[in-house]
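Presented below is the structure to which this report refers.
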Amino acid sequence: VRGAIQKLTSDALVAAGIPFTQHCFDNVQEDAPVDPSGSYAVINVSFPNTVSGAIGCEGADRIIGSCNLLVYTPKRQGMKPAEDVMQAVLKEWVRVNGAMVNESNVHLKTWNINGPNGLAPDQRPHQATQLSCAFTARVP
């Protein structure tokens, strides 16, 4: 399930212009790129309520999780670069609702989407923008 939502999000980021080499995942590639002229993304997935019973007669587990995306874009360019990337991710999160994700045999439904939210500026050379969603995954 983690791989399904991460791949869906990562593929949308690549389509929006952030190369895969600029993606950081949970406990992988922890050191973010330091190039202040480039953009990068951090994808975190958590499971606050792992399994919520069975669905229908199939006995499929319903797994509940959340995906938090942070996109870092160069400062002094406004919110448009980050919002364009977030829009691409949003479209994929909404498009996939109830459908099987790639060849993973995992069916995702996203809900409670929040963002994009610009985070408070700090001394780093990037503007941080956050987008999140809750999701339900059905694994037959």
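Side-chain atoms are counted along with the backbone in the values below, which use heavy atoms only and exclude waters and symmetry mates.
- Residue Leu90 holds its CG atom at 5.5 Å from CD1 of Ile113, rounded to the nearest 0.5 Å.
- Qualifying side chain to side chain contact (heavy atoms under 4.5 Å, CB included) partners for Ala15, counting only residues two or more places apart in sequence or in other chains: none.
- Within the 3.5 Å criterion, the main-chain N or O of Gly38 finds a donor-acceptor partner in the side chain of His126.
- Counting heavy atoms from C-beta on, the side chains of Val42 and Asn68 never come closer than 4.5 Å.
- Atom SG of Cys67 is separated from atom CZ of Arg2 by 10.0 Å, given to the nearest 0.5 angstrom.
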**Asked** Can you list the steps and then say if Ile43 with Leu13 is a side-chain contact (heavy atoms from CB on, under 4.5 Å)?
**Response** CA-CA 10 Å; Ile43 302 169; Leu13 290 168; 3.8 Å; yes

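- Rounding to the nearest 0.5 Å gives a distance of 6.0 Å between CG of Leu70 and CG of Leu119.
- Taking CG of Asn117 as the reference point, atom OG1 of Thr129 lies at 8.5 Å (rounded to 0.5 Å).
- A heavy-atom distance below 4.5 Å is found between the side chains of Thr9 and Trp93.
- A salt bridge links Arg95 with Glu92; the closest basic N to acidic carboxylate O contact falls under 4.0 Å.
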**Request:** Dump the intermediate steps for side chain to side chain donor-acceptor pair (under 3.5 Å) on Thr110 and Asn97, then the final yes or no.
**Result:** CA-CA 6 Å; Thr110 59; Asn97 275 340; 3.0 Å; yes

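- Side-chain contact between Pro81 and Glu83 is absent, with no heavy atoms from C-beta onward closer than 4.5 Å.
- Residues Gln6 and Asp26 form a side-chain contact, since some pair of their non-hydrogen atoms from C-beta on lies under 4.5 Å apart.
- Atom CD1 of residue Ile5 and atom OG of residue Ser10 lie 11.5 Å apart, to the nearest 0.5 angstrom.
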**Request:** Apply side chain to side chain donor-acceptor pair (under 3.5 Å) to the pair Ser66 and Ser46, showing each step before the final yes or no.
**Result:** CA-CA 5 Å; Ser66 64; Ser46 61; 2.8 Å; yes

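- Here Val14 pairs with Phe20, His23 under the side chain to side chain contact (heavy atoms under 4.5 Å, CB included) rule; sequence neighbours left out.
- Contact check for Asn44 versus Leu69: no side-chain heavy atoms found under the 4.5 Å cut-off.
- Contacts of Phe135 classified as ring pair (Phe, Tyr, Trp, His ring centres under 6.0 Å), with partners at least two apart in sequence or in another chain: none.
- Side chains of Leu131 and Val71 form no contact here, defined as non-hydrogen atoms less than 4.5 Å apart.
- Using a 4.5 Å heavy-atom threshold, the side chains of Met79 and Gln127 count as touching.
- Proximity of Val1 to Phe47: side-chain heavy atoms (C-beta onward) are separated by under 4.5 Å at one or more points.
- Between Gln22 atom CD and Tyr72 atom OH the span is 13.5 Å, to the nearest 0.5 Å.
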